[in-house]
Protein chains: 2
Amino acid sequence: MATIYDVARHAGVSASTVSRVLNGKQTVDAQLADRVRSAATELDYRPNALARSLRRSQTHLWAVLVSDINNPFFTALVRGVEDVAQQARYSVVLCNSDESPAKEADYIAAILAEQMAGVIVSPTNQPGHLTRLVSAGVPIVAIDRRAEEVEVDTVTVDNTSAAELATAHLLEEGFTRVACITGPRGVSTAEERLAGYRRALRAAGRKPDPRLVRHTDFREQGGYAAMGELLDHTPRPDAVFATNNLLTVGALACLVDRGLRVPADVGIFGFDDVPCATLIRPPLSTITQPTYEIGRTAADLLLRRVEDPSRPPSVTVLPTELHVRASSLRSRTVTSAG
Amino acid sequence: MATIYDVARHAGVSASTVSRVLNGKQTVDAQLADRVRSAATELDYRPNALARSLRRSQTHLWAVLVSDINNPFFTALVRGVEDVAQQARYSVVLCNSDESPAKEADYIAAILAEQMAGVIVSPTNQPGHLTRLVSAGVPIVAIDRRAEEVEVDTVTVDNTSAAELATAHLLEEGFTRVACITGPRGVSTAEERLAGYRRALRAAGRKPDPRLVRHTDFREQGGYAAMGELLDHTPRPDAVFATNNLLTVGALACLVDRGLRVPADVGIFGFDDVPCATLIRPPLSTITQPTYEIGRTAADLLLRRVEDPSRPPSVTVLPTELHVRASSLRSRTVTSAG
DNA sequence: CTGTTAGCGCGTTCAA
DNA sequence: TTGAACGCGCTAACAG
């Protein structure tokens, strides 16, 4: 690999001049600049990012640290991040903590060690993890979940209201024993969506029944098991609100395996888009989030923060959409909305 | 951030001694080593990976460069890579070329600039792309698709035979106008699976009809459009073999939208696991690949190549599984296999 | 406007 | 066994 000195020699100038030209400093004679540029292309010169970063103590790498790489919600979001990043000449790398605090810690160490220029993260809220990044001055934007301990830019949706709407819809449809399968305690999305579920029940004059609530990990397997438990106990639910796409799929799979009909035996309402939603019968009622926009917005915030690290942290709440389809309709014709 | 000099001062030794201790060189007095280690933990010293990499001209970052981050085949595979990488103390970052040669070029430039320690790639086979990595001496393993131009370690499956089996099954079921929806020309998986389809037809004494073959991009939208075209032309297929999961989903969505029954009107056989496969009715017949194993194997090969760059490139062919389900069964009861 | 000099933080010679 | 000196490739002071 050619270094900046090779280019300098080739163009008959000093290394600093090469550096200036290649970094677009306007204080170089036009003719010299041309010589430098042609020397650079001739030698196929590519600046050593390591050396540059060491000098500037900053890279042009952004990390997107997600809790589950197999969740299409997160991968869809990456697209939005990439589009913004590319325009600002950053590269985006995806890191998968796999819901494991240890892996998250490893990646945070790597992000720190590699001095990455910014991080977009769906926090697992392990004590100290994000603090480490913040105190190192790494620009951070939290997505999906709220970060605890630290105040950072956040892009999220109104989980509580969306969950309330979905649950209210089930109640209005005439379901009387509406269960909720939600994620781990302490994860803000799991808590907020559960809170919305409870609020809807209270608003309808019902008392939330703790026996109808299950906490589990945000995985298909978790949804499957939780649904099974709910069906095996009293009161047996006649509808279920699942607070994430994987939970929805798992719950549905459980219902199918037990030969229960949806929505005749059990109604179901899901959160997030489900892969192949159009192919699943009956069509699933879901709350959807603007995944691409979440990614874009987070990336925009990251850019602004890189420019001005002192700006006060902001919280952006993006709108959700309620899609009522057949899976949540009691004894009515199938309609479609949203 | 504390530097190696801070630690040295704190421990009353020189920076070189600190370096030696922290890199496990055995030539340091035990007592001194202890002092160094406690000084390091006390200052929460974390080596600057940039400086270290600049010096060693190598990072501890692996890149997995895939053509579609939304394809679960690729994200599932990453898990296998991660497990191997973690044990060898590498971090894995995922880069999404999004089937765009320009983006792939950008990421390759970044990989080169950041001097990443290794790359696992599903090549788009753009002229020069991989060559650039190879000539820079970056260890590479190709997955899914074969790399052209360059000879590199490759992990793949026997696409031709698997496709032949699937197509033969459709023919044996009595389908007479079996179509094939495959990926872009020049992509080895698309070509090989198409070749297997043709081989099965010939083996059954049929002449492959070019009007029943469609090339498109490996996207759901592509599968949808291709299926639509096939249905709008003569001869109208009574079965379709789709050579990738997204194509399968797209084709199926098209059939559903047109009110066609599967498999009564049109039979379907897919390649790769389809998300939510268990929830789709009728259950889909598919060829599945050992995604996790592909990731593990590729990572193992990468490790070996890092250790011994001179080792001759190898090709690992992993087994596929044929899962015959209802979508490909003509006038028979629904059974399940595999 | 240009070149010389210095140093980012580390690992690795070379002497001692 | 240890420390001093050097350089990885680059950018940012400082002079000229």
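Quick caveat: nothing in here was measured; it's all calculated off a predicted structure. Numbers restart at 1 for each chain; the letters A, B, ... are given by sequence-line order, proteins then strands.
Partners of A:D300 according to the side-chain hydrogen bond (donor to acceptor under 3.5 Å, both in side chains) rule, which considers only residues two or more places apart in sequence or in another chain, do not exist here. Qualifying side-chain hydrogen bond (donor to acceptor under 3.5 Å, both in side chains) partners for B:S16, counting only residues two or more places apart in sequence or in other chains: B:S14. Evaluation of the side-chain hydrogen bond (donor to acceptor under 3.5 Å, both in side chains) rule for B:T156 yields no partner, not counting sequence neighbours.
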So if I define the base as every atom that isn't primed, P, OP1 or OP2, how would nucleotides 7-16 of chain C read as a B/S/- string at a heavy-atom cutoff under 4.0 Å?
BBBBBBB---

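When the side-chain nitrogen and oxygen atoms of B:T17 are compared with OP1 and OP2 of D:dG3, one or more of them lie within a distance under 4.0 Å.
Atoms CD (B:Q31) and C1' (D:dT2) sit 15 Å apart, rounded to a whole Å.
Sorted by first and then second residue, the ring-ring contact (aromatic ring centres under 6.0 Å, His included) pairs with a member in residues 51-100 of chain B read B:W62-B:Y90; sequence neighbours excluded. The side chain to side chain donor-acceptor pair (under 3.5 Å) pairs that include a residue from residues 108-123 of chain A number zero, where partners must be two or more places apart or lie in different chains.
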